[in-house]
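Structure record follows, encoded as structure tokens.
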Amino acid sequence: MTSTASTSMKVVRKPLAMQRLAGAQERAVIGLVPTMGALHEGHAELVRVCRPLCDILVVSVFVNPKQFGPREDLRAYPRTLEADRQLLARLGVDVLFAPSARDMYPEGYSTYVDVDGPARGLCGASRPGHFRGVATVVVKLLNLVGPDIVVFGEKDIQQLAVVRRVLMDLNFPVRVVAVPTVREQDGLAMSSRNDYLDPRQRSAAPALRRSLLAAARAAAEGEGRPRALAEIVRRGLQDADARVDYVEVVDRDLMRPVSEVSGRAVLAAAAFFGDTRLIDNILLRPPRRGRTGGRGSTIGNKPAVRRLNAL
Ligand code: AMP
């Protein structure tokens, strides 16, 4: 990127200043990429996707205390604002919005967005209050930045479903853009939390992706029972010495368990490698039902299997 890109990025710390700045951009299309910082290539991809879609690109960096449980890693969560600022400037971002927790939640703060439906199971069940915190901060950020477009990653597939639900339910006129998960060479989904892994855990962690892929292949070859698919993932994780939090086949929008694999099913998993909890997911494609038959048909399966092998 050019040095002009890096010098022209504005850094805004105060919510009111952000709201005034955004409010003054009458005709501009505003894009927002919300993050918690400690930026990596996954976040960079969200920025790259958003850049051509808007006139003014705002990236928020805010470690939102409301989405961490009392026993979670809020204090230890990596904070690398200066490195984040440099990366965002290189990516041609217009505004870095990095408010403090005190400014976002001043004393007496009392208002929350409580989401039912897609926020119930999976991470919602194992991290009570997490999506309430996510929904609350997303709504606040949207009110401060007033974006036309907001970009999220498919890595956090339940978060994506929850945000879509909230924005629809509360009539936010915002377009949600979803970006496929960016991965390390060995398939591990990029995450700020990967830095917590010690070398042994790091080499075990790709088992999460591998076991999801194995289950997706089984689905493409005709295994339609969610329980059997989940079992493939559980076994893969246990073999890697990971502690399974959940493995479930759910509808990609409702985030509710499905009784049979269909084109809308996603296999989602969370597991602990040591103390570090990692999540990942994969869309399941049932076998094509061609002329020669349905499940288990070799001819019908081939395209789906090939697609999955290429992942
Ligand atoms: P976070 O900073 O972890 O809250 O993530 C901010 C945004 O980046 C969310 O929309 C995430 O889904 C997205 N994100 C995080 N990691 C990845 C990744 N590996 N690939 C794609 N998007 C990601």
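Because only heavy atoms are used, hydrogens play no part in the values below, and waters and symmetry mates are left out as well, while side chains stay in. All ligand and atom numbering here is 1-based and tracks the order in the structure. Positions are given from 1, in the same order as the sequence printed here.
Checked by distance only, ligand 1 and Asp156 come closer than 3.5 Å through their nitrogen or oxygen atoms. In terms of polar-atom proximity, Phe152 is not counted as a contact of ligand 1, lacking any N or O under 3.5 Å from an N or O of the ligand. Polar contact with ligand 1: present for His43 (N/O pair, distance under 3.5 Å). Backbone and side-chain nitrogen or oxygen atoms of Val151 are examined, and none is located within less than 3.5 angstrom of a nitrogen or oxygen of ligand 1.
Atom 9 (C) of ligand 1 has its closest protein heavy atom at Gln159 NE2, 3.7 Å. The protein non-hydrogen atom at the shortest distance from atom 13 (C) of ligand 1 is Leu46 CD2, 3.7 Å. Scanning the protein heavy atoms around atom 4 (O) of ligand 1, the nearest turns out to be Met36 CG, 3.5 Å.
Of the heavy atoms in Ser191, none comes closer than 4.0 Å to ligand 1. For His40, every heavy-atom contact with ligand 1 shorter than 4.0 Å involves the side chain, none the backbone.
Tyr77 pairs in a ring-ring contact (aromatic ring centres under 6.0 Å, His included) with only one of the listed residues (Phe68, Phe62, Tyr196), which is Phe68. Just one of Leu46, Ile149, Val150 meets the side chain to side chain contact (heavy atoms under 4.5 Å, CB included) condition when paired with Val177; it is Ile149. For the side chain to side chain contact (heavy atoms under 4.5 Å, CB included) with Asp94, the lone residue among Gln25, Arg51, Lys10 that qualifies is Arg51.
In the hydrophobic clustering of ILVMFWY residues, with side-chain heavy atoms under 4.5 Å counting as a link, Tyr112 and Leu142 come out together.
When Val182, Ile279, Asn64 are ranked by how near their heavy atoms come to atom 21 (C) of ligand 1, first place goes to Val182. Distances from atom 6 (C) of ligand 1 to the heavy atoms of Ala189, Gly153, Ala44, Pro34 show the closest one on Pro34.
Between Arg164 and Asp253, no side-chain nitrogen of the basic residue sits less than 4.0 Å from a carboxylate oxygen of the acidic one, so the salt-bridge criterion is not met.
Under the rule for a side chain to side chain contact (heavy atoms under 4.5 Å, CB included), the partners of Asp198 that lie at least two apart in sequence or sit in another chain are Arg200, Gln201.
Proximity to Lys155 (heavy-atom distance under 4.0 Å) selects the following atoms of ligand 1: 16 (N), 17 (C), 19 (N). Taking every heavy atom of Thr35 and a limit of under 4.0 angstrom, the matching atoms of ligand 1 come to 2 (O), 6 (C). Listed by number with element, the atoms of ligand 1 under 4.0 Å from a non-hydrogen atom of Met190 are 16 (N), 17 (C), 18 (C), 19 (N). Atoms of ligand 1 found under 4.0 Å from any heavy atom of Pro180, numbered from 1 in the order shown, are 21 (C).
Considering SG of Cys123 and CD1 of Ile157, their distance stands at 11.5 Å, rounded to 0.5 Å.
Between the Asn281 side chain and the Glu154 main chain, a donor and an acceptor come within less than 3.5 Å of each other.
Across Val134 and Asn64, no two heavy atoms sit closer than the pair N-ND2, 4.2 Å.
Side-chain contact between Val59 and His43 is absent, with no heavy atoms from C-beta onward closer than 4.5 Å.
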